[in-house]
Amino acid sequence: MSVVKAKRQNPHFRLDLYEPEADLMVLNFGPQHPSTHGVFRMQLHLDGEKIVKAVPDLGYLHRGVEKLCERLTYVQITPIVDKNDYVSPMHNEQAINMAFEKLLGIEVPRRARYLRTIFAELQRMASHLLWLGTFALDLGGAIGGGASVFLHCFRERELILDLFEEVTGARFHYNTHTIGGNRHDITPGWAQSVKSALAVIESRIPEYESITLSNGIFFERTKGIGVLDGELALELGITGPILRASGVDHDLRRDAPYHAYDEIEVKVASAEGGDCWARSVVRLAELRESLRIVRALVDAVPEGPICGYKPIKLVGQVKIPSGQVYSAMESSRGELGTYVIAGGGEGNVSPYRLKIRPPSFHALSALPYLLPGHMVADAVVILGSLDPIMGEVDR
Amino acid sequence: MAIEDNRSFTHPLYDFMLTVPGLSLATGRVDQLLTWGLTNSLWIFPMATSCCGIEFMATAASRVDIDRMGSIVRGTPRQADVMVVAGTITVKMAPRVKKLWDLMPEPKWCLAMGSCAISGDFYRDLYPTVPGIDTFLPVDVYVPGCPPNPEALMAGMLRLQEKVRLQREGKWAPKESRPETAKMIMPALRRINDPARDPSVDKAQLDSAMKVAGSEPLEEAPTPERMPPRSAEPVPIDGDLQALLTAHGVTEIPRDAPPLVPVARHRDLAEQLKKRGFRQLVTVVATHYPDKRDKAGLILTPEYYEVAYALRTVGRGSQLVMWRVRFEVPDGIDSLYGVFAGADWQEREQFDLIGVRFAGHPDLRRILLPHDYAGFPLRRDHASDAPCAPWR
Ligand code: SF4
């Protein structure tokens with residue numbers, strides 16, 4: 001395993017220094033574009049088909065979540081942060097509650113830690129399935145009808161959403177975590193439903209691989225496209241599958257364990273190319289790994305309470321007078337961190353400042369480095385391989 | 001042609017048609033055929049911005065499959081009949097939505113999916129959010145939920161089909177009753193179907209939408225003064241982090257917060273830490289503390305900023321190190337851009353939201369908010385429900 005090395009582009013390249021006689025064209029990409037994964041805009045400066053410079057423009061979904069959190073109490077924040085990374089809401093809830101638990105110094109019971117781990121891994125599978133479906137759409141009909149991969153992936157994603165619905169009552173935006181543990185316990189037959197859903201998904205992973213990874217056109221369009229230098233990725237704060245695809249073996253589940261990850265071994269998938277192909281390989285490997293973890297844990301869930309904090313009856317019940325913490329976990333897209341400064345609101349019931357560190361924001365900051373030199377058609381592939389969720393980029 | 005009180009009308013042609021035997025029957029049949037065709041081929045233009053957009057995708061995908069109602073999803077407004085607004089619409093997005101709506105050919109309908117599109121949901125009172133799209137678009141069907149299930153969206157499409165059918169038959173389609181919750185809090189802007197709505201708002205919104213050409217140039221970035229150097233080979237941590245911090249002017253290490261580093265030494269500290277293996281710039285968090293005054297209005301503690309930085313080592317046993325820098329308000333802080341390329345966007349974000357100036361930053365512009373937004377929203381003295389004309 002070696003860290004990927006690539007030439008570093010200058011993101012602030014001055015266009016007037018580009019061969020003066022060249023006729024540059026500006027192409028506006030987004031914010032309403034089916035391939036922008038939400039509302040994201042880029043200005044591409046083109047020399048013919050070749051991208052000379054890319055200027056991303058964010059904020060079309062800036063909803064002011066951090067300001068809102070300053071007005072709400074600790075108890076009220078959980079359902080709000082669900083909506084940040086709306087493809088993996090479970091991770092958002094867990095990340096925020098982990099930060100509050102760290103501030104309060106609360107121990108989460110073992111059963112709740114197991115449940116959180118299972119939920120997190122199921123959510124990772126759902127998220128990667130959604131990524132695979134939309135990435136195939138981005139690549140277009142070339143790969144045996146891009147829409148069929150999309151439909152296959154959503155079919156399996158629904159199985160996971162059903163499992164969550166059984167426990168929490170919601171398809172997504174669950175609001176199932178609380179300070180000190182979980183709100184909803186699993187139902188008696190749930191483990192069995194999980195195992196049958198996993199069996200279905202497992203039997204279909206080879207199918208995905210055969211229509212994507214073993215497809216010549218998929219290979220041609222992703223191999224060698226958007227090579228991200230490992231050292232640059234670190235400087236940019238890129239984490240998760242993108243970092244691991246650049247040859248950096250780093251995963252918070254293994255390297256700074258939380259939940260029940262200290263009780264189970266996580267085999268971290270990584271690849272060496274640093275390109276769109278490597279990122280796809282890593283995500284598909286993670287899909288298998290998550291499946292293995294869930295299967296190993298779902299039968300081993302220990303008995304006991306699911307919440308280690310006194311029952312919450314009032315919205316202003318949790319009071320934290322002072323303190324600043326940063327806590328992080330590995331979401332589907334990388335390190336999802338929360339920085340909380342306590343001591344806001346009437347009677348210290350709200351955070352003074354709450355900052356969410358979204359992995360996708362950092363992933364997008366690689367675009368000005370990745371795009372120059374590629375064709376316009378590759379821009380969509382590179383963007384898709386970064387798997388950004390605009391809800392958490394803009395917050 | 002007269003519209004009567006019961007809202008049905010007769011066209012003068014009808015009298016003529018009734019005099020020719022069989023003609024009304026034939027045209028009636030053709031009309032029925034056209035209506036049948038129209039209601040069962042309502043093509044959708046998805047204005048999917050956020051979470052509801054994912055539920056919209058699920059509706060279009062395998063299990064629910066909205067295609068079987070003849071509603072094909074099209075990526076362009078030119079080929080669609082229905083705009084499904086799924087997700088939060090912000091003041092930066094609203095002119096685009098308005099413009100895309102204007103690009104759709106008549107006849108067209110609008111479906112508001114989810115509480116964000118209906119009323120702004122819990123973001124309604126916040127500075128960047130439009131409190132309901134019917135403050136600038138005429139909405140035909142509301143589908144409440146956060147997010148609405150795919151089945152709810154299907155039901156919404158069925159209601160829209162019914163409405164279209166009634167309209168084609170010249171019957172008065174009852175106005176969609178708004179979900180009760182949205183009635184409780186009215187936004188500052190009147191709804192578009194409100195008789196008392198001020199026409200100047202319409203004009204302002206239209207002007208704003210027309211200004212969005214879609215390719216207006218972003219401001220050109222200035223040239224950076226320092227180019228990021230190639231990073232040195234990682235040095236393993238030799239353990240004595242505390243000595244390093246003390247050498248950089250840290251006097252005490254508080255138990256519940258990161259240590260405070262003097263402004264002048266902080267960039268140097270970042271360079272040293274990077275040499276010791278903290279190669280990942282995790283996050284930059286700026287906070288604003290307003291001044292404290294006594295009863296007479298004298299300033300006890302002046303207004304100041306705190307900026308916290310976090311770095312991490314990678315691999316097994318990953319370590320995190322954080323420090324804070326505190327300085328009074330008009331001052332700035334040295335950017336970490338030359339040390340960590342990621343400081344570029346992260347510091348820009350904090351500048352955008354809090355207003356901290358980073359000296360030596362190559363490209364200090366707004367990143368999230370519209371470039372002409374006034375003020376820095378995450379400062380304590382900025383009202384969280386600040387209006388933003390003409391959208392909220
Ligand atoms: S209504 Fe709820 S699910 Fe829909 S966009 Fe708004 S926050 Fe997201």
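Keep in mind the model is a prediction, meaning the values are calculated, not measured. Below, read A as the first sequence line, B as the second, and so on, with proteins coming before strands; counting in each chain starts at 1.
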Name the region of [X], side chain, backbone, both or neither, that has any atom closer than 4.5 Å to a heavy atom of chain B.
| X | result |
| --- | --- |
| A:Arg155 | both |
| A:Leu252 | side chain |
| A:Val268 | neither |
| A:Arg171 | side chain |
| A:Lys83 | both |
| A:Leu232 | side chain |
| A:Ile389 | neither |
| A:Leu364 | both |
| A:Glu158 | both |

Closest contact, heavy atoms only, [X] versus [Y]:
| X | Y | answer |
| --- | --- | --- |
| B:Pro128 | A:Gly64 | CG-N, 3.7 Å |
| B:Leu368 | A:Val393 | CD2-O, 4.3 Å |
| A:Gly59 | B:Thr90 | O-OG1, 4.3 Å |
| B:Asp125 | A:Arg71 | CB-NH2, 4.1 Å |

Open item on the list: Run B:Met57 and A:Thr134 through side chain to side chain contact (heavy atoms under 4.5 Å, CB included) and show every step you take.
Closed with: CA-CA 10 Å; B:Met57 276 159 74; A:Thr134 49; 3.3 Å; yes
Task: Passing candidate, side chain to side chain contact (heavy atoms under 4.5 Å, CB included) with B:Gln280, options A:Leu243, A:Leu236, A:Val248 - done: A:Leu243
[X] versus chain A, the contacting section by heavy-atom distance below 4.5 Å:
| X | answer |
| --- | --- |
| B:Ala310 | neither |
| B:Leu100 | side chain |
| B:Thr88 | both |
| B:Glu55 | both |
| B:Asp344 | side chain |
| B:Leu311 | neither |
| B:Leu320 | side chain |
| B:Phe45 | side chain |
| B:Ile367 | both |
| B:His288 | backbone |
| B:Val97 | neither |
| B:Phe122 | both |
| B:Arg379 | backbone |

From [X] [atom1] over to [Y] [atom2], what is the distance, rounded to the nearest 0.5 angstrom?
| X | Y | atom1 | atom2 | result |
| --- | --- | --- | --- | --- |
| B:Gln346 | A:Phe361 | CD | CZ | 6.5 Å |
| A:Tyr352 | B:Thr287 | OH | OG1 | 7.5 Å |
| B:Leu126 | A:Leu68 | CG | CG | 5.0 Å |
| B:Thr313 | A:His250 | OG1 | NE2 | 7.5 Å |
| A:Phe172 | B:Asn149 | CZ | CG | 9.5 Å |
| A:Leu61 | B:Thr129 | CG | OG1 | 9.0 Å |

Could you check if a side-chain atom of [X] sits within less than 4.5 angstrom of a side-chain atom of [Y], using non-hydrogen atoms only?
| X | Y | answer |
| --- | --- | --- |
| A:Tyr326 | B:Val285 | no |
| B:Ser50 | A:Arg63 | yes |
| A:Lys355 | B:Leu353 | no |

Tell me if a side-chain donor or acceptor on [X] pairs with a main-chain N or O of [Y] at a distance below 3.5 Å.
| X | Y | result |
| --- | --- | --- |
| A:Arg353 | B:Ala286 | yes |
| B:Ser62 | A:Phe154 | no |
| A:Glu235 | B:Leu281 | no |

Partner chain A: residue of [options] with the largest heavy-atom pair count (under 4.5 Å):
| options | value |
| --- | --- |
| B:Ala60, B:Cys51, B:Pro46 | B:Cys51 |
| B:Pro147, B:Pro77, B:Gly53, B:Pro370 | B:Pro147 |
| B:Arg324, B:Glu349, B:Met47, B:Met322 | B:Glu349 |

Open item on the list: Quick check: B:Tyr123 with A:His62 (ring centres under 6.0 Å apart)?
Closed with: no
- [ ] Run the salt-bridge test on B:Lys92 and A:Asp57 with the 4.0 Å N-O cut-off and return the result as yes or no.
- [x]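 Salt bridge present between B:Lys92 and A:Asp57.
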TODO: Determine, for A:Asp162 against B:Arg63, whether the closest basic-nitrogen to carboxylate-oxygen distance falls under 4.0 angstrom.
DONE: yes
Task: Selection from A:His152, A:Glu335, A:Glu66 maximising heavy-atom pairs under 4.5 Å formed with chain B - done: A:Glu335
Task: Residue selection (most heavy-atom pairs with chain B, distance under 4.5 Å) from A:Thr239, A:Ile238, A:Asp251, A:Leu234 - done: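 Answer, by heavy-atom pair count under 4.5 Å with chain B: A:Leu234.
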TODO: Could you walk me through whether B:Trp345 and A:His362 pass the side chain to side chain contact (heavy atoms under 4.5 Å, CB included) test, one step at a time?
DONE: CA-CA 8 Å; B:Trp345 276 34; A:His362 298 253; over 6 Å; no
